[in-house]
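Being a predicted model, the structure only gives us computed values, none of them experimental.
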Amino acid sequence: MNATDALAAARQAVSDGKLSETAVENIQRWLTEDRYAQYRDQVAAEIAQQKWQALDDAFWTIIPFGTGGRRGRMHPIGSNAINDRTIGESAQGLADYVVDYHKGQKDLSCVIAYDTRHQSRHFAELCAGIMVAAGFKVYFLDDYRATPQLSFAVRYKNCDCGIMVTASHNPPSDNAVKVYWSSGAQVLPPHDKAIIDRVMSCEEIRVTPFAEAQAEGKVEIITKEIDEAFVKVASEQAFEGSRDVRILYTPLHGVGAEAVMPLLAADGFTDVEVYGPHAEKSGDFPNVPGHVSNPENKAVFDAPVEYAQAGGFDLVLATDPDCDRLGVAAPLTLDPSGPWGTFNGNQIGALLADYILGKRKQAGTLSADHYVIKTLVTTELVRSLCDSYGVRCVGDLLVGFKYIAQAMDANGPDKFVFGTEESHGYLVGQYCRDKDGAVACMLLSELAADMKQRGVSMHEHLAALYRTHGLHREQLINLFMEGSEGMAAMQRLMKAFRESPPESMAGIPVTRVRDYLNSVATDTATGESSPLGDPVGNLILMDLAEEGNYVAARPSGTEPKIKLYVFTKLSADESQDLDVAAEKLGQRLEALESDMRAFAKANS
């Protein structure tokens with residue numbers, strides 16, 4: 001089938017309701033414009049085979065830059081898929097912008113790394129070839145390596161930018177590029193918009209073959225250098241204390257062992273084992289439930305915990321495929337053979353915040369000028385902990401660790417103590433500007449050993465924090481809305497939250513709606529509005545009549561879903577009997593989730 005016939009067939013498919021209007025618009029570009037000439041036959045072939053659903057998924061939009069870069073399902077063709085063209089556009093747009101930004105400077109450089117996903121190495125080599133063709137020196141991590149190592153390497157080598165090829169914890173079908181600025185943080189305004197403009201207008205992708213670039217010295221392998229330097233600087237974030245704890249670690253088929261194991265060894269932990277069934281580096285993630293290596297999912301811990309119970313381990317740690325997120329499970333008491341429980345991202349963040357602040361206070365290295373950073377949808381227990389230690393909490397951030405990195409530099413990195421987000425991302429120190437699952441593993445292991453020495457389990461320690469600061473319980477609800485219809489449903493739902501929010505949730509009146517996209521807070525009783533100021537982003541928070549209880553909604557920046565957040569709290573006085581308090585908040589969470597889902601169903 002030639003291009004003309006293919007385009008006619010695609011337009012007929014729109015008339016037949018098998019293909020969306022926006023998909024055929026993008027298909028037309030790929031069939032007629034010179035920049036897509038090498039893909040023309042493949043597009044025509046899929047049309048001839050009437051792969052309408054696959055074509056609609058691949059072409060209904062142009063894959064965007066979200067909070068984690070450009071991420072999506074891999075498909076050889078398509079404007080809404082990860083493939084050589086969309087990855088190439090991303091690297092070319094970055095290269096063109098950096099060259100322009102530096103006014104043609106000749107000594108530009110870029111670090112590139114990749115994880116265990118399908119085609120990650122191929123995409124990394126493609127990006128390297130594009131950067132070299134644009135005049136960059138490329139430093140290449142020539143093996144599976146962690147995202148925080150890439151962030152560190154950008155800073156360590158004084159590079160102008162960096163590229164990480166990973167889709168983090170997404171399913172095996174996905175891949176992505178994360179784009180980093182010279183700070184080691186993912187790109188932020190105004191650079192992100194300027195790069196996107198160049199990506200979207202990219203005509204020609206210029207590539208130097210990887211082997212040729214390497215032979216000419218324009219690609220330099222720095223894997224060993226970065227491994228050693230990363231472990232050295234990350235281990236400097238350690239605190240003194242016991243190391244008597246038995247650890248089972250699972251990389252969930254990702255890159256984590258190369259970062260976590262050397263770091264734990266450098267910090268003095270000797271009784272550490274990698275969980276065998278998850279040790280294989282595989283983009284299929286074969287031995288985790290649903291083949292999704294997300295440490296936020298309790299199910300990934302089922303098999304490791306069973307092994308840990310039988311083997312007398314004190315702790316199970318898990319990192320996602322690119323090792324920037326941490327998940328944790330531990331015994332409810334100090335008896336490893338007894339029942340275990342996992343911690344959610346908010347609980348891990350609170351435990352680490354308390355541990356780090358406590359150690360810093362004990363060492364006399366904490367002042368009123370020091371600060372902790374969290375996002376707007378991360379537990380307010382962190383703020384309460386900061387108050388108790390007499391340090392600032394910078395907590396008005398949008399979702400995305402790049403905003404934590406930005407706040408570090410804006411507030412002075414010398415006074416930065418800890419950064420945390422509810423989606424299992426954590427950082428200490430100044431060595432990088434992204435969340436680091438490896439250093440979080442190290443600090444969590446120190447905490448576990450500290451608690452073991454005191455004769456208290458980590459669950460018991462968390463309970464003590466709740467009694468002191470009040471029980472905080474949070475819940476995340478993911479509503480997946482895929483494809484063009486899903487995008488329209490997400491837009492309808494966010495519009496409904498803004499324009500006609502629920503009057504009450506779980507029987508508690510909604511008193512205020514904070515709309516961060518339009519920077520306005522509205523009192524629901526009076527209808528009066530007041531400016532919110534920064535930050536600006538597609539996030540809505542609805543405060544309830546009971547202090548510390550609120551709900552939030554935002555579209556994901558990396559996956560086709562809306563995230564609904566539920567936050568509940570009781571005072572310290574109400575939390576002394578934790579069983580009673582937990583029952584009360586459990587019922588409230590259940591009611592809030594039910595009401596949120598009902599509202600979403602009726603308005604999407």
Side-chain angles (χ1 to χ4, degrees), residues 148 151-152 155 183-185 188 232-241 263 267 324 326 345-447 450-451 461-462 464-466 468-470 472 533-535 572:
S151 174
F152 165 73
R155 297 175 62 83
S183 63
L188 286 153
K232 180 179 183 298
V233 71
S235 64
E236 291 171 358
Q237 314 309 315
F239 296 101
E240 293 183 359
L263 185 54
D267 194 25
D324 62 354
L326 167 69
N346 282 309
Q347 292 170 329
I348 297 169
L351 286 168
L352 285 174
D354 180 68
Y355 174 71
I356 296 163
L357 289 167
K359 286 290 188 179
R360 292 283 298 264
K361 183 176 182 180
Q362 184 179 359
T365 60
L366 204 60
S367 72
D369 294 329
H370 284 89
Y371 63 93
V372 170
I373 308 174
K374 76 176 193 70
T375 66
L376 281 161
V377 296
T378 299
T379 179
E380 284 289 286
L381 177 56
V382 171
R383 188 183 302 276
S384 179
L385 288 164
C386 290
D387 291 344
S388 71
Y389 283 100
V391 302
R392 291 187 294 136
C393 179
V394 179
D396 59 345
L397 274 64
L398 296 174
V399 176
F401 219 87
K402 62 185 180 181
Y403 298 113
I404 292 178
Q406 183 182 46
M408 284 176 63
D409 290 324
N411 286 273
D414 290 346
K415 299 299 183 182
F416 170 70
V417 176
F418 178 58
T420 176
E421 61 179 4
E422 58 80 31
S423 54
H424 292 246
Y426 316 101
L427 179 66
V428 295
Q430 302 177 41
Y431 60 94
C432 78
R433 290 296 187 276
D434 208 348
K435 51 189 177 289
D436 182 4
V439 82
C441 280
M442 180 186 79
L443 293 170
L444 209 291
S445 298
E446 291 179 8
L447 170 60
D450 198 26
M451 291 300 105
H461 176 56
L462 180 61
L465 293 181
Y466 286 146
T468 301
H469 300 281
H472 293 66
D534 291 334

4.5 Å side-chain heavy-atom contact, L357 and V417
yes

Straight-line distance of L447 CG to L351 CG, nearest 0.5 Å:
6.0 Å

Under 3.5 Å, is there a donor-acceptor pair between the side chain of Y431 and the main chain of K232?
no

Residues A238 and D267: closest non-hydrogen pair is CB-OD1, 3.1 Å

Nearest heavy-atom approach of V439 to A234 is CG2-O, 4.0 Å

Quick one: are Q406 and K402 in side-chain contact, heavy atoms under 4.5 Å?
no

Side-chain contact test, heavy atoms from C-beta onward, threshold under 4.5 Å: evaluate it for L326 versus H424 and give yes or no.
no

Donor-acceptor contact present, side-chain T420 to main-chain Y426, <3.5 Å
no

Can you tell me how far the CG atom of D387 sits from the SG atom of C393, to the nearest 0.5 Å?
7.5 Å

What's the spacing between Y389 OH and S384 OG if we round to 0.5 Å?
11.0 Å

Could you check V391 against R360 for side-chain contact (heavy atoms from CB on, under 4.5 Å), going step by step and ending with a plain yes or no?
CA-CA 11 Å; V391 302; R360 292 283 298 264; over 6 Å; no

Side-chain donor or acceptor of R155 paired with backbone N/O of S183 under 3.5 Å
yes

N346 to T379 - nearest heavy-atom pair and separation
OD1-N, 2.8 Å

State the CG-CG distance between D324 and D436, to the nearest 0.5 angstrom.
8.5 Å

Do E240 and K359 have side chains that get closer than 4.5 Å, going by heavy atoms?
no

Evaluate the side-chain proximity of P148 to D434: yes if any heavy-atom separation is below 4.5 Å, no if none is.
no

Going by the angle between their ring planes, with limits at 30° and 60°, are H472 and Y466 parallel, tilted or perpendicular?
parallel

To the closest 0.5 Å, what do you measure between CG (N411) and CG (D369)?
11.0 Å

Minimal non-hydrogen separation, Y403 against L397, with atom names:
O-CD2, 3.1 Å

Please lay out, stage by stage, how D354 and H461 fare under the test side chain to side chain donor-acceptor pair (under 3.5 Å).
CA-CA 10 Å; D354 180 68; H461 176 56; 3.3 Å; yes

Taking every heavy atom of V399 against every heavy atom of T375, the minimum-distance pair comes out as CA-CG2, 4.4 Å

Could you walk me through whether F239 and I356 pass the side-chain contact (heavy atoms from CB on, under 4.5 Å) check?
CA-CA 8 Å; F239 296 101; I356 296 163; 4.0 Å; yes

Can you give me the closest heavy-atom contact between L385 and A350, atom names plus distance?
CD1-O, 3.5 Å

Looking at CD of E421 and CG of L398, how far apart are the two atoms once the value is rounded to the nearest 0.5 Å?
12.0 Å

Evaluate the side-chain contact (heavy atoms from CB on, under 4.5 Å) criterion for residues Q430 and D414: first the C-alpha distance (whole Å), next the side-chain angles of each, then the deciding distance (0.1 Å), finally the verdict.
CA-CA 8 Å; Q430 302 177 41; D414 290 346; 3.3 Å; yes

Does the side chain of V382 reach to within under 4.5 Å of the side chain of F418, using non-hydrogen atoms?
no

Apply salt bridge (Lys or Arg N to Asp or Glu O under 4.0 Å) to K374 and E380, showing your working.
CA-CA 9 Å; K374 76 176 193 70; E380 284 289 286; 2.7 Å; yes

